[in-house]
Amino acid sequence: VLADRMVDLVAEGFDLAIRVAAGFSDSSLVLRRIGKTSGALCASPEYLQRRGTPRVLDDLDGHSILGYAFESGGDFCWRFVDEQGAVVQKQLTPRIVVNSFWMTRELCRRGEGLAMLPASLAGPDLASDRLVRLLPAMKTRPLDIGVVMPSARQTPAKVRVFLEVMEFALGGA
């Protein structure tokens with residue numbers, strides 16, 4: 001199941017879930033950190049050709065923003081750490097809001113606007129120049145990529161193998 005919602009692993013019968021967060025707090029679940037990612041502010045080359053490339057944070061005001069809202073809410077205040085280490089925030093009003101990072105990436109690829117994407121998701125598009133990273137000096141806080149499971153006891157072999165493949169693919173914790 002591919003969903004950007006918080007699933008109840010036990011009630012819904014899932015073996016595990018992959019979660020990306022600044023920290024994990026649900027002590028009823030077993031957590032295994034398998035990697036890290038950060039945010040990447042992106043746009044397609046076509047969008048930038050039409051609308052121009054933002055050079056500083058205040059330039060975002062004139063651009064079409066693609067918002068990601070987990071479940072029913074959304075904080076459209078993007079937080080960065082500048083070159084001096086200071087936290088800088090930018091409140092935004094998105095033109096489009098979706099509840100899937102995959103759809104946000106697709107809209108960004110199609111030139112619909114600027115998006116803050118997990119760097120791990122945007123990476124292949126950035127490497128192939130399908131997307132362009134904007135304001136690269138502005139960093140975001142690192143996020144943990146973790147696998148949560150209802151219990152570590154009697155973990156099925158298929159789950160153990162999946163965890164090994166994920167750790168390898170993400171470069172380990």
Side-chain angles (χ1 to χ4, degrees), residues 1-7 17-24 33-148 165-173:
V1 173
L2 179 61
D4 281 358
R5 67 175 177 86
M6 195 68 69
V7 298
I18 300 172
R19 300 218 170 122
V20 179
F24 298 99
R33 284 181 175 81
I34 59 172
K36 288 194 171 291
T37 192
S38 60
L41 180 57
C42 302
S44 71
E46 296 79 16
Y47 175 88
L48 297 174
Q49 186 175 19
R50 278 192 333 269
R51 302 284 308 271
T53 301
R55 302 288 178 206
V56 296
L57 209 51
D58 284 339
D59 290 348
L60 299 180
D61 291 332
H63 284 274
S64 177
I65 302 299
L66 304 173
Y68 167 77
F70 178 70
E71 292 185 340
S72 63
D75 177 9
F76 302 112
C77 183
W78 288 346
R79 291 164 186 83
F80 299 91
V81 178
D82 68 15
E83 293 172 318
Q84 290 75 38
V87 175
V88 180
Q89 301 184 107
K90 183 67 178 169
Q91 190 68 40
L92 300 159
T93 303
R95 182 174 71 90
I96 300 172
V97 178
V98 294
N99 66 350
S100 164
F101 272 128
W102 300 93
M103 180 55 77
T104 307
R105 181 186 64 177
E106 186 60 29
L107 290 167
C108 190
R109 284 176 172 172
R110 291 176 183 231
E112 296 297 329
L114 310 181
M116 180 66 72
L117 298 169
S120 54
L121 180 64
D125 290 315
L126 294 168
S128 68
D129 296 325
R130 194 169 181 180
L131 291 177
V132 176
R133 188 172 196 146
L134 305 172
L135 308 178
M138 303 294 284
K139 306 296 182 198
T140 63
R141 66 184 175 169
L143 299 171
D144 290 316
I145 302 172
V147 173
V148 290
V165 169
M166 288 299 295
E167 285 178 335
F168 178 78
L170 294 171

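Please read all numbers here as calculations on a predicted model, not as lab measurements.
Separating the CD1 atom in I96 from the CE atom in M103 is a distance of 10.0 Å, to the nearest 0.5 Å. For the atom pair SG (C42) and CG (L135), the distance works out to 11.0 Å, reported to the nearest 0.5 Å. The CD atom of E112 lies 10.0 Å from the CD atom of E106; values are rounded to the nearest 0.5 Å. Between the CG atom of D82 and the CG atom of L57 there is a distance of 9.5 Å, given to the nearest 0.5 Å. One distance of note links CG of L131 with CG of L117; it measures 7.0 Å at 0.5 Å rounding. To the nearest 0.5 Å, atoms CG (D61) and CD (Q91) are separated by 11.0 Å.
Closest of all the heavy-atom pairs between D125 and R105 is OD2-CD, 3.2 Å. Here the closest non-hydrogen pair linking F76 and Y68 is CE2-O, 3.7 Å. For C108 against G113, the heavy-atom pair with the smallest separation is SG-O, 3.6 Å. Heavy-atom minimum distance, T37 versus A119: OG1-N, 3.4 Å. In plain terms, the two heavy atoms of V132 and L126 that are nearest each other are C-CD2, 3.7 Å. Closest of all the heavy-atom pairs between L107 and V98 is CD1-CG1, 4.0 Å.
For the pair T53 and L134, the minimum side-chain heavy-atom distance is below 4.5 Å. You'll find the side chain of T140 reaches within 4.5 Å of the side chain of F80, heavy atoms only. Proximity of D144 to K36: side-chain heavy atoms (C-beta onward) are separated by under 4.5 Å at one or more points. With contacts defined as side-chain heavy-atom distances shorter than 4.5 Å, the pair L114/P54 qualifies. Counting heavy atoms from C-beta on, the side chains of S44 and R109 never come closer than 4.5 Å. In this structure, the side chains of I145 and S120 come closer than 4.5 Å at one or more pairs of heavy atoms. At least one side-chain heavy atom of L41 sits under 4.5 Å from a side-chain heavy atom of M116. The shortest side-chain heavy-atom distance between V81 and M138 does not fall under the 4.5 Å cut-off.
Remark: D129 engages no residue in a side chain to side chain donor-acceptor pair (under 3.5 Å) (not counting sequence neighbours).
Counting heavy-atom neighbours within 6.0 Å of R50 CZ, excluding the residue itself, gives a total above 12. Heavy atoms from other residues, nucleotides or ligands lying under 6.0 Å from CD of Q49 number 12 at most.
A salt bridge is defined here as a Lys NZ or Arg NE, NH1 or NH2 lying under 4.0 Å from an Asp or Glu carboxylate O, and K90 with D58 meets this definition.
Counting only residues at least two apart or on different chains, no salt bridge (charged side-chain N to carboxylate O under 4.0 Å, His left out) pair has a member in residues 131-141.
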